[in-house]
Novice: 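Here it is, the structure, as structure tokens.
One-based numbering, in listed order, for ligands and for the atoms of each. This structure is a prediction, so every number in the text was calculated from the model and none was measured.
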Amino acid sequence: MGPIFQLIYLSRAKDSLSHSDIDQILESSRKRNLENQVTGILMFKDGFFLQVLEGPEVQVFETLSRIVKDRRHHHVQVQVECLSNVRTFEKWQMAFFDGDLRVSTEIDEQLQKIFKIASGAVYDEKESLVQHLKCFRGNVPKQCVKS
Ligand code: FAD
């Protein structure tokens, strides 16, 4: 397999988004992503989504083109696009982390930093976003991530 294309975007969830909306999103995402060799994680915090999509470039962009049309969120803004030799979220067809759960101070701080960097609030740190996500994946208790 060639290099892995990674894309990270931030979006605003629709106001009336429910837990069952998220469950439906995850169910269809996992099915489609398995077919498309796409892996990643979806995080939700304070009404925002942050999603990492990784896989073959064509499939990642096809997936993104469906995602941007979805009315369950809006203002989809791609923050990072890069190539990598390895997947960060290998085996996760689309993991989900609810950032509104208070798991631990350390995890909360890491997550806040990730969303801050992605939103551009921390100047010039976007290159470190993948690194922060890797750290988060290593630290978050497995039982707190739905995959
Ligand atoms: P269909 O299932 O045929 O739906 C037709 C249209 O209706 C699409 O525009 C769809 O977006 C929209 N839609 C479907 N269900 C609802 C609903 N309950 N309420 C409102 N609109 C609806 N898909 C992936 O394949 N991989 C992902 O990783 C992925 N991540 C996502 C992350 C977020 C935050 C969101 C909001 C959606 C995500 N999706 C993902 C879902 C994606 O947007 C599409 O809904 C899905 O891929 C099916 O696409 P489709 O063209 O077959 O649409």
Novice: Give the atom numbers and elements of ligand 1 that come within less than 4.0 Å of a heavy atom of Leu53.
Specialist: 28 (O)
Novice: Within the supplied structure, the quantity of interest is the number of heavy atoms (other residues, nucleotides, ligands) at a distance under 6.0 Å from Asp100 CG; does it exceed 12?
Specialist: yes
Novice: Would you mind telling me which of Ile41, Val38, Leu53, Val145 makes a side chain to side chain contact (heavy atoms under 4.5 Å, CB included) with Phe89?
Specialist: Ile41
Novice: Would you verify that at least one protein heavy atom lies under 4.0 Å from atom 5 (C) of ligand 1, or report that none does?
Specialist: no
Novice: Within this structure, what is the CD1-CD distance for the pair Ile8 and Gln77, rounded to the nearest 0.5 Å?
Specialist: 14.0 Å
Novice: Among side-chain atoms of Ser18 and Asp21, is any donor-acceptor pair under 3.5 angstrom?
Specialist: yes
Novice: Give me the nearest non-hydrogen protein atom to atom 52 (O) of ligand 1 as residue plus atom name, then the distance to 0.1 Å.
Specialist: Arg32 NH1, 2.8 Å
Novice: So for ligand 1, is Ser11 a polar contact partner (N or O within less than 3.5 Å, distance only)?
Specialist: no
Novice: Go through ligand 1 atom by atom and flag the ones less than 4.0 Å from a non-hydrogen atom of Ile25.
Specialist: 31 (C), 32 (C), 33 (C), 35 (C), 36 (C), 37 (C), 38 (C)
Novice: In terms of residue, atom name and distance, what is the protein heavy atom nearest to atom 42 (C) of ligand 1?
Specialist: Asp70 OD2, 3.5 Å
Novice: What residue and heavy atom of the protein are closest to atom 7 (O) of ligand 1, and at what distance?
Specialist: Arg71 NH2, 4.0 Å
Novice: Can you tell me how far CG of Asp23 sits from CZ of Phe96, rounded to the nearest 0.5 angstrom?
Specialist: 8.5 Å
Novice: Once rounded to the nearest 0.5 Å, what's the spacing between atom CG of Leu129 and atom NZ of Lys116?
Specialist: 14.0 Å
Novice: Determine the minimum heavy-atom distance between Val60 and Gly55, stating which atoms define it.
Specialist: CG2-N, 3.5 Å
Novice: Counting both backbone and side chain atoms, is some N or O of Asp21 under 3.5 Å from an N or O of ligand 1?
Specialist: no
Novice: For atom 28 (O) of ligand 1, state whether the nearest protein heavy atom is under 4.0 Å away.
Specialist: yes
Novice: Measure the CD1-CD distance between Ile4 and Gln37 for me, rounded to the nearest 0.5 Å.
Specialist: 8.5 Å
Novice: Rounded to the nearest 0.5 Å, what separation is found between the CG atom of Asp46 and the CZ atom of Phe44?
Specialist: 8.0 Å
Novice: Going by the atom numbers of ligand 1, which of them fall below 4.0 Å from some non-hydrogen atom of Gln24?
Specialist: 18 (N)
Novice: Consider every N or O of Asn33 and every N or O of ligand 1, then say whether any pair is closer than 3.5 Å.
Specialist: yes
Novice: Inspect the surroundings of NE2 in His74 and state if more than 12 heavy atoms from other residues, nucleotides or ligands are less than 6.0 Å away.
Specialist: yes
Novice: Below 4.0 Å, non-hydrogen atoms only: which portion of Arg66 touches ligand 1? Side chain, backbone, both or neither.
Specialist: both
Novice: Just to confirm my output: which protein heavy-atom neighbour is closest to atom 20 (C) of ligand 1, and how far is it?
Specialist: Arg72 CG, 3.7 Å
Novice: Could you check atom 39 (N) of ligand 1 against the protein and tell me its nearest heavy-atom contact, residue, atom and distance included?
Specialist: Ser29 OG, 3.6 Å
Novice: Give me the nearest non-hydrogen protein atom to atom 30 (N) of ligand 1 as residue plus atom name, then the distance to 0.1 Å.
Specialist: Gln51 NE2, 3.0 Å
Novice: Which of the atoms of ligand 1 are close to Tyr9, meaning less than 4.0 Å from one of its heavy atoms?
Specialist: 32 (C), 33 (C), 34 (C)
Novice: Would a search of protein heavy atoms around atom 2 (O) of ligand 1 find one under 4.0 Å away?
Specialist: no
Novice: Below 4.0 angstrom, counting only protein heavy atoms, does anything approach atom 23 (N) of ligand 1?
Specialist: yes
Novice: Just by distance, do the side chain of Ser104 and the backbone of Ile107 share a donor-acceptor pair under 3.5 Å?
Specialist: yes
Novice: Using a 4.0 Å cutoff against the non-hydrogen atoms of Met94, which atoms of ligand 1 qualify?
Specialist: 28 (O)
Novice: Any protein heavy atom sitting closer than 4.0 Å to atom 36 (C) of ligand 1?
Specialist: yes
Novice: Compute the shortest N/O to N/O distance between His73 and ligand 1 and return yes if it is under 3.5 Å, no if not.
Specialist: no
Novice: Using only heavy-atom distances, determine whether the side chains of Ser84 and Glu54 contain a donor-acceptor pair under 3.5 Å.
Specialist: no
Novice: Write out the residue and atom name of the closest protein heavy atom to atom 9 (O) of ligand 1, then the distance separating them to 0.1 Å.
Specialist: Lys69 O, 4.0 Å
